[in-house]
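For reference, the structure is listed below as structure tokens.
Because the structure is a prediction, the values reported are computed rather than measured.
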Amino acid sequence: MAPLMGDVMRLCCEISAHHQIKAAVKNSTKGAVMAGGTAFVGGLLGGPAGIAVGGAVGGLLGSWMTSGQFRPLPQILMELPPNQQKKLYDDIMAVLGNLNWTDVAQLIALVMGNATLQQQVTAALLNYISKELRAEVRYQD
């Protein structure tokens, strides 16, 4: 099954590169650390009012730091941990059904040559990215 998973991951990379899909994966940890850190410093410097001001400023800074960091989707896909790759693989295989291929080049040709199948795989990929990774997505049709 490992070679099939690799084929499907390469297919996803090919489709996302073809449509120039970029995603910004939200990193809430950075934002939380920024908000908490500035609230703490604000509390040290200004007491209870400083906590409120520091938290508000930190929340804005954290939001600014974590938004808009769009990266090409193939890069994000190749960095996914194995359990997330498996989930994506399962989602794409549900679309591919019983499609047979011998190598990744043939799989890419089969999907890219069939507009309906390409749209279905793209939709499954975008659904995975937005729901599982909670990423903001930008792409060209």
Quick one: are [X] and [Y] in side-chain contact, heavy atoms under 4.5 Å?
X	Y	result
Leu73	Lys22	no
Lys86	Asp90	yes
Met9	Leu88	yes

The criterion is side chain to side chain donor-acceptor pair (under 3.5 Å); which residues satisfy it with [X], sequence neighbours excluded?
X	answer
Asn114	none
Gln85	none
Thr102	Gln106

Least distance between heavy atoms, [X] atom then [Y] atom:
X	Y	answer
Ile108	Arg10	CD1-O, 4.4 Å
Asn100	Leu110	O-CD1, 3.5 Å
Ile51	Gly43	CG1-CA, 3.3 Å
Cys13	Pro74	O-CG, 3.6 Å

With sequence neighbours excluded, tell me which residues meet side chain to side chain contact (heavy atoms under 4.5 Å, CB included) with Met93. Val8, Tyr89, Leu96, Trp101
When clusters are formed by joining ILVMFWY residues with side-chain heavy atoms under 4.5 Å apart, either directly or through shared neighbours, do Met112 and Leu4 land in the same one? yes
Applying salt bridge (charged side-chain N to carboxylate O under 4.0 Å, His left out) to Glu79 and not counting sequence neighbours gives Arg71
Could you grab the distance from atom CG of Leu11 to atom CD of Gln118, nearest 0.5 Å is fine? 9.0 Å
Donor-acceptor pairs are to be reported for all side-chain atoms of residues 123-132 against protein atoms at under 3.5 Å, with residues two or more places apart or in another chain.
unit_1	atom_1	unit_2	atom_2	d
Asn127	OD1	Lys131	NZ	3.2
Tyr128	OH	Gln84	O	2.9
Ser130	OG	Leu126	O	3.0
Ser130	OG	Asn127	O	3.3

